[in-house]
Participant: 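Pasting a structure below so you can have a look.
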2 protein chains.
Amino acid sequence: MAMENNTERFEKLLVKNGLKRTTPRLQVLEILSGRDSATSQPYLEQVMGKDADRVTLYRVLQAFEEKGIIHKVLDQQGTANYAICSDGCSAHEHHDEHVHFNCDNCHKIYCLDTVKIPALKVPSGFKVEHLNLIATGICASCADKVN
Amino acid sequence: MAMENNTERFEKLLVKNGLKRTTPRLQVLEILSGRDSATSQPYLEQVMGKDADRVTLYRVLQAFEEKGIIHKVLDQQGTANYAICSDGCSAHEHHDEHVHFNCDNCHKIYCLDTVKIPALKVPSGFKVEHLNLIATGICASCADKVN
DNA sequence: GCTTTATTTGCAACATAATTGCATTAATAT
DNA sequence: ATATTAATGCAATTATGTTGCAAATAAAGC
């Protein structure tokens, strides 16, 4: 049980990014870290309840995204979902070019960190900066339940 | 100049899909067909102006999408953009699994019909139904202008 | 061409989501 | 402990999307 305390880790993360250690921010990090898939903005709003103003949540998420602490994935409905970035991310370069999987059944969004997006041939003249691949279908967990 | 008139083509397209030939519908088809990239809902709204109600536009786009006449692409901001489907599309199966290119400069969305999405290896258990790949960067036209 | 039928539109009302300005509060530095 | 700066919460506003319904319009039948 010598593992570092979550809150401690998050506090360091905030300081490192020049953000103050505030309650709403720690709360968001706690929630996001406790989930195995990306978390939708509406869900966050619901869980935080009256603990934080809706506006604050918007601003916290925006700040985190700018600093590269979290990354945003839009699902097929255009709803924003957020997940904590792996260590490779930074304010200047998000290494979030892994595939996201949007389950049609449970609507969770999984970051498939291990699946890299294959290189792409585009028409000449186009300069690709980022790739964003969302797969939809049935996730492993939902497929299991059917059996 | 023996080429078939646009309006005529569109009227046939509507009838074929069991939709009545109405002014707002023809207008939307005209606008979409006159552009080299997908068209955002807000832009359509602006161009149509008071010619059509906002609600009508929503319904026209929805009907077209259901029939497979157009397809929707969400850009990186989650805004809906629409493009006329290539002939392979139908109500039951959209053959829109080509790459979309979202220009960071002009914000246009191009359908790169010629670029196919490469097959993908996902973790076992996940069943992929559809793939959706959006590349962002600078489009050929914007890259040209810089020179 | 006129009438009937069914679809489509436009309006109004409503619901939801997102943004902005500003005063108050809270966190860090001195 | 105080000063300084950042962050929050509230109120107001704007944008975005949805629903029900009456009026208008398109296609079909006479």
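Below, read A as the first sequence line, B as the second, and so on, with proteins coming before strands; counting in each chain starts at 1. Since this is a predicted model, take the numbers as computed values, not measurements.
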Participant: For residues 101-128 of chain A, pull every pair meeting ring pair (Phe, Tyr, Trp, His ring centres under 6.0 Å), keeping only residues two or more places apart or in separate chains.
Facilitator: A:Phe101-B:Phe126, A:Tyr110-B:Phe126, A:Phe126-B:Phe101, A:Phe126-B:Tyr110

Participant: Measure CD/B:Gln62 against P/C:dT7 and give the value in whole Å, please.
Facilitator: 16 Å

Participant: How close or far is atom P of C:dG10 from atom CZ of B:Arg25, stated in whole angstroms?
Facilitator: 11 Å

Participant: Just the rounded figure in Å: distance from P of C:dT9 to CG of B:Leu61.
Facilitator: 11 Å

Participant: For a quick check of understanding: with a heavy-atom distance under 4.0 Å over all strands, which category does A:Pro42 fall into, base, sugar-phosphate or nothing?
Facilitator: nothing

Participant: Quickly work out the A:Asn81 CG to C:dA17 P distance and round it to whole Å.
Facilitator: 13 Å

Participant: So which one's nearest nucleotide on DNA chain D is more toward 5', B:Gln41 or B:Arg59?
Facilitator: B:Gln41

Participant: Atom CG of B:Leu26 and atom C1' of C:dT8: how far apart are they, to the nearest Å?
Facilitator: 13 Å

Participant: Under the side chain to side chain donor-acceptor pair (under 3.5 Å) definition, can you give me all pairs with a residue in residues 19-29 of chain B, not counting sequence neighbours?
Facilitator: B:Gln27-B:Asp51

Participant: Within this structure, what is the CG-to-C1' distance between B:Leu57 and C:dT8, rounded to whole angstrom?
Facilitator: 14 Å

Participant: Could you check which residues of residues 47-55 of chain B get a heavy atom under 4.0 Å from DNA chain D? Sort them by number, please.
Facilitator: B:Arg54, B:Val55

Participant: Here's one to test your reading of the geometry: is the NZ or CZ of A:Arg59 within 45 degrees of the ring axis of A:Phe64 and under 6.0 Å from its centre?
Facilitator: no

Participant: Just the rounded figure in Å: distance from P of C:dA27 to CZ of A:Phe10.
Facilitator: 18 Å

Participant: Please check if the side chain of B:Asn132 supplies one atom and the backbone of A:Leu133 the other of a donor-acceptor pair under 3.5 Å.
Facilitator: no

Participant: Could you state the OH-C1' distance from B:Tyr58 to C:dG10, rounded to the nearest angstrom?
Facilitator: 15 Å

Participant: Answer yes or no: is there a side-chain heavy-atom contact under 4.5 Å between A:Cys106 and A:Ser141?
Facilitator: no

Participant: Spell out protein contact along nucleotides 25-30 of chain D as letters: B when the base is contacted, S when just the sugar-phosphate is, - when no protein heavy atom is under 4.0 Å; keep the 5' to 3' order.
Facilitator: -BS---

Participant: What pairs with A:Phe10 under ring pair (Phe, Tyr, Trp, His ring centres under 6.0 Å), at least two apart in sequence or on another chain?
Facilitator: none

Participant: Applying ring pair (Phe, Tyr, Trp, His ring centres under 6.0 Å), name anything that partners A:Tyr82, two or more places apart in sequence or on another chain.
Facilitator: none

